[in-house]
Structure formats: structure tokens, C-alpha cells
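Heads up: the structure comes next, in C-alpha cells.
Everything quoted here is computed from the prediction, not taken from an experiment.
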Amino acid sequence: MRQFFFLILFLFTFSSFSLNAQIKFPPEVNDQLNATSLEIIQPLEARYKRIRLPKNRYLRCDYGIWSKKEKLEIRYAIDPVGDNERLNMIPHVKAFSMVSHLASNDQEAIISKLSISPESLKNDFNADYGEVYVFKPKTAFSEKLHCQMLVLFKEGKGLVYVFFLFNDPNNSALDYRFQAVRFQS
């Protein structure tokens, strides 16, 4: 009987830790996630915490998290397709416009564009289009030295931008956090 009690106590303790590890989304973010059939894949390790996003004139992000351990900030900007916006949802134009808007105007700054394989788009993100840009952000957007911007699009659902902000260009956490979102079927 005593072993049974300890087993129940252990299971209750373990389940409460796993429930507390998940970050809660604000109602307006939940609405946007539902409108785009998007799922944010939350990191459960490295003690990511929701952050209050700075107000800036360059871009209003919808949600953000930060890990002191991984020295990585992740911001999300979700752009659902509205009935009147179908013609404006040209993902490659919007992606380039966004990176042009957020990247530093320094003449020495470099912007790199990386493609995502069609297999990865389908299997990892369930997206129709995706690209990755790496650039130095304007300080008004972030004080971090580097930004890796993941852009994904799903026809009829919307566009999502994921900004990975960091100082160390060799930050290995990027390898683990790249699959930060996924469109649901």
C-alpha cells in the first residue's frame, strides 16, 4: 500500500511538472494560431519563458520567448490570410519586403538567403513555401547582433515569420529550435 501511495505521489508530481513546463498563449495569439491552422512547437527544455515584446515601429510581433541558458530569443509574427488579402499574399515578395525592412542599413551588413528543401517544407512544416534569411537587425527591432528569420506560407491559411535573435553566430541552439512552427493539416 505504501508503494502504491509513493507511485501515485510520483506520478502526480511528474505530471504537474510537465504541465507547468508549457508556456500559455494569450487569447489573441490563440485566435491567430487557429485562423492560420498553425502550431507553435514550444521548447520544453532550456527554461524558455514568455517575454514582453518591446514596442517598436518596425514590426509588432505577436509572441516571444527567451532562454537565458541558450541565449536565444524567439519572436513570432503571424499574418493570417483574410478574405480581402488573397492577392496580397505573395509569400516571396512579403518575405523579401520584411527582411529589407528589418535588416540593418549598414553598408557592410550582409543578408543571406537560404532555401528550404521541398521535402522539409512538406514533412517538417506542412508548408507550401519557406525561406530562411540571416541578417543583422536594425537596433530599433532588436539589440541582438544577429537574426535568423524563418518565413513559412500555407495556401489559404497565412504567413508566419519566426525571428531567432542571438549574439553568438555559433549558437548551437539554432539547430534544435529551427522547427519552431508547423501548419496543421
For A103 and K138, the nearest pair of non-hydrogen atoms, with its separation, is O-CE, 3.0 Å
Residues E45 and R177 bridged, charged N to O under 4.0 Å: yes
When rounded to the nearest 0.5 Å, the distance separating CG of D124 from OG of S117 is 7.5 Å
With side chain to side chain contact (heavy atoms under 4.5 Å, CB included) as the test, would you mind laying out the steps for Q184 and E39 before giving the verdict?
CA-CA 7 Å; Q184 299 170 356; E39 172 187 8; 3.8 Å; yes
Problem set entry | Any donor-acceptor pair under 3.5 Å from D79 side chain to L159 backbone | no
Are S100 and I111 packed together at the side-chain level, in the sense that at least one heavy-atom pair is separated by less than 4.5 angstrom? no
Check your understanding: Going only through I, L, V, M, F, W and Y residues with side-chain contacts under 4.5 Å, is there a path from V162 to I51?
Key -> no
Minimal heavy-atom distance between T36 and G158, with the atoms involved, is CG2-CA, 4.3 Å
Report task. Any chance you could lay out the side chain to side chain contact (heavy atoms under 4.5 Å, CB included) test for K68 and R47, step after step, and finish with the verdict? Result -> CA-CA 8 Å; K68 183 177 180 181; R47 297 184 180 166; over 6 Å; no
Separation between CD1 (I116) and CG (L152), nearest 0.5 Å, reads 5.5 Å
Item to check | Verify same cluster id: L38, V132 (apolar side-chain graph, 4.5 Å) | outcome: yes
Do D128 and L121 touch side chain to side chain, with heavy atoms closer than 4.5 Å? no
Heavy atoms of other groups near K136 NZ, more than 12 under 6.0 Å: no
**Pair L102-F135, side chain to side chain contact (heavy atoms under 4.5 Å, CB included): steps then yes or no** = CA-CA 9 Å; L102 295 178; F135 57 92; 4.0 Å; yes
Any link between F153 and L59 through a network of hydrophobic side chains (Ile, Leu, Val, Met, Phe, Trp, Tyr) touching at under 4.5 Å?
yes
Taken to the nearest 0.5 Å, the spacing of S142 OG from L53 CG works out to 10.5 Å
Is it the case that the side chain of N167 and the backbone of L145 share a donor-acceptor pair, with hydrogens and angles ignored and the cut-off at 3.5 Å?
yes
Of all heavy-atom pairs linking Q148 and L174, the shortest is OE1-CD1, 4.0 Å
Review point. Should V151 and Y129 count as side-chain neighbours, where that means a heavy-atom distance under 4.5 Å?
Key: yes
Minimal heavy-atom distance between P137 and L165, with the atoms involved, is CG-CD2, 4.4 Å
d(N126 CG, K154 NZ) to nearest 0.5 Å is 4.0 Å
(Q) If hydrophobic clusters are built by linking Ile, Leu, Val, Met, Phe, Trp and Tyr wherever their side-chain heavy atoms come under 4.5 Å apart, do V29 and W66 end up in the same one? (A) no
### Charged N-O contact under 4.0 Å between K144 and E73
no
Would you check, one step at a time, whether the test side chain to side chain contact (heavy atoms under 4.5 Å, CB included) holds for Y48 with L72?
CA-CA 9 Å; Y48 274 85; L72 181 64; 3.4 Å; yes
Would you call D62 and R75 a salt bridge, using N to O less than 4.0 angstrom? no
Residue pairs passing the ring pair (Phe, Tyr, Trp, His ring centres under 6.0 Å) test with at least one member in residues 96-123, sequence neighbours excluded, are Y58-H101
| task | Verify the distance criterion only: is there a donor paired with an acceptor across the side chains of Y63 and Q32 at less than 3.5 Å? | result | no
**Message:** Any side-chain to backbone donor/acceptor pair from N171 onto K71? Under 3.5 Å, distance only.
**Reply:** yes
Between F141 and F163, is the ring centroid distance below 6.0 Å? yes
So the ring pair (Phe, Tyr, Trp, His ring centres under 6.0 Å) pairs with at least one residue in residues 164-185 (sequence neighbours excluded) are F125-F178, H146-F166
Are E131 and L114 side-chain neighbours, meaning at least one heavy-atom pair lies under 4.5 Å? no
